[in-house]
Each structure stands twice: as C-alpha cells, then as structure tokens.
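Input: a single structure, listed below in structure tokens.
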Amino acid sequence: MEEIWVDRTLYQGRPEKEEGRLPKEVRTYDLLDRLRIPYWRVDHDVIPTIEACQEVDKLLGIQICKNLFLCNAKKTDFYLLLMPGEKQFKTKDLSKQIGSSRLSFGPGEFMEEFLDIQPGSVSVLGLMNDRENRVQLIIDRQVAQEEYLGCHPCINTSSLKLSMADVLEKFLPAVKHEPIFVDLP
C-alpha cells in the first residue's frame with residue numbers, strides 16, 4: 001500500500017496561504033471564522049479509508065467518526081449519518097429509529113448536488129451548501145456526547161477538530177439544520 005503523506009503539524013485555524021485550496025474549502029474556513037468557531041487542522045494527502053484516518057485522528061486527539069451519506073430506495077429522502085468509527089452500520093437499526101425503510105448509500109451525484117462534496121470527503125460541514133435542506137442530519141448520541149468532532153472542510157486533504165458544542169450550538173443553527181439523535185447498537 002502506498003504511504004499517505006501527513007503534515008504532522010497541528011495548525012490552529014485556516015491556512016496562511018489559500019492558493020491550491022479549492023473555493024469550497026476556503027468558504028468552509030470563512031464560515032467557521034464568521035461564526036467564531038475555533039478549530040485545529042491537519043493537512044494530508046487524500047485519505048481513502050477510515051483505517052488510514054487513524055494517524056490523522058491521533059494527531060488531532062479525536063475519535064474516528066464515520067460520516068455516511070444515505071438515501072431511501074426512491075432517492076427522495078437523503079441523510080447524513082455521523083456515527084462512531086468502531087460501530088458497524090446496519091441499515092435496519094437506523095431505519096427503525098427514523099421511520100425510513102430500505103436505506104442505502106446515496107449516489108455521489110446527489111452528494112455533490114446537495115452538499116458540494118465528493119465521495120470520500122463527506123462531512124457535516126457540507127451542510128453549509130444544502131440551502132434547500134434536502135439532507136437530514138442524523139447523529140448517534142455517542143458521537144454527540146464527545147467533546148470534539150473530527151471532519152473534513154468539504155475536501156479530503158485536510159481534517160479539522162471542532163468542539164461538538166460549537167457544531168451543535170453555532171454551526172447547525174447557522175446553516176439551518178436540526179439533527180435527529182439516534183442510538184445505534
């Protein structure tokens with residue numbers, strides 16, 4: 001397996017230089033700064049798997065959190081699920097709690113259309129791009145009880161550490177998304 005480059009420096013806040021950064025990443029930093037949400041950042045190559053995230057999460061001092069983009073069979077209802085990295089996702093456990101049957105992974109084109117995120121970069125911060133509220137946020141209570149949340153700034157070449165309280169109390173109200181809390185086994 002090819003080694004993934006990780007800048008082992010833990011930065012506070014946005015990059016000093018924005019050249020080479022995608023506009024959606026810069027917009028993410030702009031919004032976090034406007035909302036006065038402090039964050040720490042680690043820059044890295046694209047991280048292809050949750051296992052590969054472990055080194056970055058260790059640098060950030062956080063637990064791995066899975067971010068899953070889901071939809072119903074008709075592709076009319078879309079969900080972003082935040083769940084602990086060590087839990088196995090079982091669609092029946094979630095379906096029962098939210099009253100939606102036959103959930104599956106949502107197609108990349110909807111992820112891009114609604115969240116301006118490509119597969120591999122799924123992040124709660126993508127909700128800033130969902131102005132029509134097409135995506136319902138679902139958070140496992142175990143994740144919600146963590147002090148910090150790790151996520152990408154809408155691109156999988158940086159990872160951020162944010163206070164969960166700031167996500168719940170500042171970010172989500174600002175982007176007009178209210179989470180549903182679930183308990184996944």
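This structure is a prediction, so every number in the text was calculated from the model and none was measured.
- Salt-bridge annotation for K66 and D140: absent, with no side-chain N of the basic residue lying under 4.0 Å from a carboxylate O of the acidic one.
- T157 has its side chain out of reach of D43: every pair of non-hydrogen atoms, C-beta onward, lies at least 4.5 Å apart.
- Between the N156 side chain and the I47 main chain, a donor and an acceptor come within less than 3.5 Å of each other.
- Under the 4.5 Å side-chain heavy-atom criterion for grouping Ile, Leu, Val, Met, Phe, Trp and Tyr, M164 is connected to L137 within one hydrophobic cluster.
- At a threshold of 4.5 Å between side-chain heavy atoms, the hydrophobic network of Ile, Leu, Val, Met, Phe, Trp and Tyr places F69 and L103 in two separate groups.
- At least one side-chain heavy atom of S158 sits less than 4.5 Å from a side-chain heavy atom of R21.
- Taking the charged nitrogens against the carboxylate oxygens, K170 and D166 do have a contact shorter than 4.0 Å, which makes a salt bridge.
- Counting only heavy atoms from C-beta outward, the side chains of V175 and D130 never approach each other to under 4.5 Å.
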Problem set entry | Derivation and outcome, side chain to side chain contact (heavy atoms under 4.5 Å, CB included), residues L32 and L125 | CA-CA 9 Å; L32 292 173; L125 297 177; 4.3 Å; yes
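- Nearest heavy atoms, L149 versus V124: CD2-CG1, 3.8 Å.
- Here the side chains of S159 and H44 are in contact, with some heavy-atom distance below 4.5 Å.
- In plain terms, the two heavy atoms of L160 and I62 that are nearest each other are O-CD1, 4.5 Å.
- The aromatic rings of W40 and Y148 sit perpendicular to each other, their planes meeting at more than 60°, with 30° as the lower class boundary.
- In this structure, Q118 CD and K24 NZ are separated by 5.0 Å, a value rounded to the nearest 0.5 Å.
- Minimum interatomic distance between P153 and T28 (heavy atoms only, all atoms of both residues): O-OG1, 3.5 Å.
- Looking only at distances, no side-chain donor or acceptor of S121 sits under 3.5 Å from a matching main-chain atom of I117.
- In this structure, the side chains of E25 and E18 stay at 4.5 Å or more apart for every pair of heavy atoms.
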Exercise. Do E86 and Q142 pass the side chain to side chain donor-acceptor pair (under 3.5 Å) test, and can you show the C-alpha distance, the side-chain angles, and the key distance before you say yes or no?
Worked result: CA-CA 11 Å; E86 77 278 358; Q142 189 178 330; 3.0 Å; yes
For this session: Quick one: do F89 and L70 satisfy side chain to side chain contact (heavy atoms under 4.5 Å, CB included)? Show the steps, please.
Result: CA-CA 11 Å; F89 173 65; L70 307 166; 3.8 Å; yes
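- The shortest distance between side-chain heavy atoms of S104 and C71 falls below 4.5 Å.
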Exercise. Would L184 and L94 count as a side chain to side chain contact (heavy atoms under 4.5 Å, CB included) if you check the C-alpha gap in whole Å, the side-chain angles of each, and the deciding distance to 0.1 Å?
Worked result: CA-CA 7 Å; L184 299 174; L94 179 60; 4.1 Å; yes
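- The hydrophobic cluster containing I138 does not contain L80, counting ILVMFWY residues as joined when their side-chain heavy atoms lie under 4.5 angstrom apart, directly or transitively.
- Considering every non-hydrogen atom in both L31 and M128, the closest pair reads CD2-CB, 3.7 Å.
- For R141, the CZ atom is densely surrounded, since the number of other residues' heavy atoms within 6.0 Å is greater than 12.
- Panel note: side chain N72, backbone D77; a donor-acceptor pair is recorded below 3.5 Å.
- The heavy-atom pair separating G108 from P119 by the smallest distance is CA-CG, 4.0 Å.
- In this structure a side-chain-to-backbone donor-acceptor pair under 3.5 Å is present from S163 to A165.
- Across H152 and V122, no two heavy atoms sit closer than the pair CD2-O, 4.3 Å.
- Between Y29 and Y39, the ring planes lie parallel to each other; the angle is under 30°, not in the 30° to 60° tilted range.
- The CZ atom of R134 lies 8.5 Å from the OG1 atom of T76; values are rounded to the nearest 0.5 Å.
- A donor-acceptor pair is defined here as one N or O able to donate and one able to accept, closer than 3.5 Å; such a pair exists between the side chain of Q136 and the backbone of E178.
- Not one N or O on the side chain of D116 forms a donor-acceptor pair closer than 3.5 Å with the backbone of N129.
- The neighbour count for Q63 CD, taken as heavy atoms of other residues, nucleotides or ligands under 6.0 Å away, does not exceed 12.
- Between the side chain of D45 and the backbone N or O of W5, at least one donor-acceptor pair lies under 3.5 Å.
- Side-chain contact check for H177 versus N133: some heavy-atom pair is nearer than 4.5 Å.
- Counting heavy-atom neighbours within 6.0 Å of K87 NZ, excluding the residue itself, gives a total above 12.
- V26 and F171 fall into different hydrophobic clusters, defined by Ile, Leu, Val, Met, Phe, Trp and Tyr side-chain heavy atoms under 4.5 Å apart, directly or through other members.
- The number of heavy atoms from other shown groups lying within 6.0 Å of CD (Q97) is above 12.
- Taken from OG1 in T91 to CZ in R102, the straight-line distance is 10.0 Å, to the nearest 0.5 Å.
- When atom types are taken as modelled, the side chain of R41 and the backbone of G13 share a donor-acceptor pair closer than 3.5 angstrom.
- How far CG of L10 is from CZ of R8: 11.0 Å, rounded to the nearest 0.5 Å.
- Remark: S100 OG to K74 NZ distance equals 10.0 Å, nearest 0.5 Å.
- With rounding to the nearest 0.5 Å, the separation of CG in D30 from CG in L35 is 11.0 Å.
- The hydrophobic clustering, which links ILVMFWY residues whose side-chain heavy atoms are closer than 4.5 Å, places L82 and M111 together.
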